[in-house]
Amino acid sequence: MTAGVNFVPTTCPYCGTGCSFYLVTRDNKVLGIEPWQTPPVNEGKLCQKGRYAYQFIHSKDRLTKPLIKKNGGFVASTWDEAYRLIVEKFKSFKPEEFGCLASAKASNEDNYLMQKFVRIALKTNNIDHCARLCHSSTVSGLSEVFGSGAMTNSIPDLQESKCIFVIGSNTFEQHPLIGRRLVLARKSGAKIICADPRYTPTAKQADLYLSMYSGTDVALLNGLMHHIIENGWEDSDFIKSRTKNYDSMKKTVMKENYNLKNVSEITGVRESDLKTAAEWIAKSKPCALVFAMGITQHTVGVDNVKSVANLMMLTGNIGKPGSGVNPLRGQNNVQGASDMGCLPNVYSGYQMVTDKESRNKMMKIWGVAEIAESRVGYTATEMIDNLADEPGKIKCMYLLGENPMLSDPDINHVREALENVEFMVSQEIFLSETAEFADVVLPAACYAEKNGTHTNTERRVQRWRKAINPPGEAKPDWLIISEIARLMGYEKQFSYKNESEIFDEIARITPSYSGINYDRLEHPYALQWPCPDTNHLGTQILHTDKFATKDGLGIFMAVEWKPPAEVTDPRYPLILTTGRSIWHWHTGTMTRRSETLDREVKTGWVEINTKDAETLGIEDGEKVKVSSRRGEIEIPAKLTEDIKIGEVFIPFHFKECPANVLTNNAVDSISKIPEYKACAVKVEKMNDRDKEVVGRGQRAI
Ligand code: SF4
């Protein structure tokens, strides 16, 4: 070891896989990242984002001082001046006039204090975070079917599978170290099935690729179940002993609409491929199902999730190693931010705000006589709609590191909303596209500069460890929130000495985290919830004997297929689906400041099938105009046969060609998740707007 060099074990700030590594530091600088072999998630391996997750830390444009907007521009201020203004303004608004967004990139401690502050000091439940945009339909759907919205199995456990059905997840690019488990499972003889409108790197690794149209998931899943039941391949013992409502589900999927001939017509998947997939899923036990935003980000996101749960219960693939319903959560701590109660309907541990006992429990532990009323608050998507469509309803926004100006659908609508905010505070590490709209920007510490915990996609609680000091006057989010709360009169409730003390309060108030504390997270480094007491070793597999529903039974749901909210027509004849690149992360705030990642992929592109491109006269690399009913962007075309004819794909990281100018803000009626995965667009050569466009015409998807 070189003199003065330290190796600080911590966890990746990007995706929900939760890989761990050492930050290599010297003289308060992070020099690089080295593998840490012990953690079970990644076993010393990293993807390119994790490998270079240190390069943005010392960027020259990190925020180092509080900023206050004066005469339309930002002016550096002292913390005292910024806090005084915030407290004065916060005290001037009514509870229902606040809209608050927590952060799936921040720690559990930051998020727990954010919702505690919002409920105690601002007295509102108007708090949400970007889980609304990625997996709110998972939480709603699985909670109804299983009684719990989390991933049922574990990442290493995928290697026990004999068959893995990946639907709506480009696992190799979005969760690369989970993708590695698919390869290892396949080496041990597992069959991999992948259903996706794009022939992604994940699809290319599969034994069977189901080339489906975007927005046809329920039809596909009902078709598979139809064929399984028709052939008597269902797991009757599991259905009888562990579930209820089977007959109603069976009646729906056995309708003629879902025979494989019709399903093939709706989904675009060959009938023979559907038959093979159904047989493999039913007969190769145990079978695991993996899904991500291709399932959730639809106006029927909750139906899609219920449908994947139906398939796994039908085949008895729940509660056993190598089986299960495995939603892959997007951001590093989107699971934790939800667990911590940064949602408008629940406190931490999914304790309902409408439940009198839960509300009394919070007031007692927090030592206050009053908190937000027992009424469900606004979701993130409702906050934006209220701001844009009913100015004056919400007047003040408090944001912890979220960037809706790039991440939300229909960006022109979001801009309109943010322009209507009377007062906005943003805690950030960089001046993001959204922070530009704030009245006060507070400089925050990044993951390498603070202690804390976060919870990955498989419910594994792991540590972040402070490796260096934050730049300039930046502070950890939990400390900023506590200092504002104390100035608002909540001295006793926010007088934490360190992060470990906050975690102990989380464990006291959150049943699934009760047995976890900082000492236990040193050895064996991580614990998976539920962990009900300090002797408990954590839970690798959920629902082994009974489900988390009231009577312990899984509930089959009858689900009918419905097309997406926006269908194609002669003017907008192509279906747009959006997603990520392996080289970048979400709105690019961190990855685009990493020189290695930026060197590899510098800007966005629209993927278009070579046949569609030929009809339009578009060449590879040519800049084209893509437009929807909401706006238009200019973007280079990438010609490929890896996407279905009639579909196009755009990654959403790039502010110079933002996919979300085009996307539709129609939402699922239950989870309020927007339909990012299907909207109607046209692609044109630049300055050639009258040229005839191609697509699937009037087809109703
Ligand atoms: Fe980080 Fe995800 Fe890559 Fe692991 S797979 S290194 S958590 S980005």
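Each ligand, and each atom within it, is numbered from 1 in the order the structure gives.
The ring of H584 has its center closer than 6.0 angstrom to the ring center of F654. Between H586 and Y14, the ring center distance fails the sub-6.0 Å criterion.
For atom 1 (Fe) of ligand 1, the set of nearby N, O or S atoms under 2.8 Å includes none belonging to C15.
For atom 7 (S) of ligand 1, the nearest protein heavy atom (residue, atom name, distance) is C19 N, 3.4 Å. From the protein, the heavy atom lying nearest to atom 1 (Fe) of ligand 1 is C12 SG, 2.4 Å.
Each of the atoms 5 (S) of ligand 1 lies under 4.0 Å from some heavy atom of P176. Near L177, meaning under 4.0 Å from one of its heavy atoms, ligand 1 places the atoms 5 (S). Residue Y14 has at least one heavy-atom neighbour below 4.0 Å for each of these atoms of ligand 1: 8 (S). Numbered from 1 in the order shown, with element, the atoms of ligand 1 that lie under 4.0 Å from a heavy atom of G50 read 6 (S).
When the ring pair (Phe, Tyr, Trp, His ring centres under 6.0 Å) test is applied to W36, the partners found at least two apart in sequence or on another chain are Y22, Y525.
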With side-chain contact (heavy atoms from CB on, under 4.5 Å) as the criterion, how do C100 and M114 come out once you've worked through the C-alpha distance, each side chain's angles and the decisive distance to 0.1 Å?
CA-CA 9 Å; C100 305; M114 181 73 175; 4.3 Å; yes
Step by step, would you call W585 with H653 a ring-ring contact (aromatic ring centres under 6.0 Å, His included)?
CA-CA 7 Å; W585 190 247; H653 317 291; 7.7 Å; no
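Around atom 3 (Fe) of ligand 1, the closest heavy atom drawn from G16, A53, G18, C47 belongs to C47.
Of the residues listed (Q540, Q528, R181), the one engaging S154 in a side chain to side chain donor-acceptor pair (under 3.5 Å) is Q528, and it is the only one.
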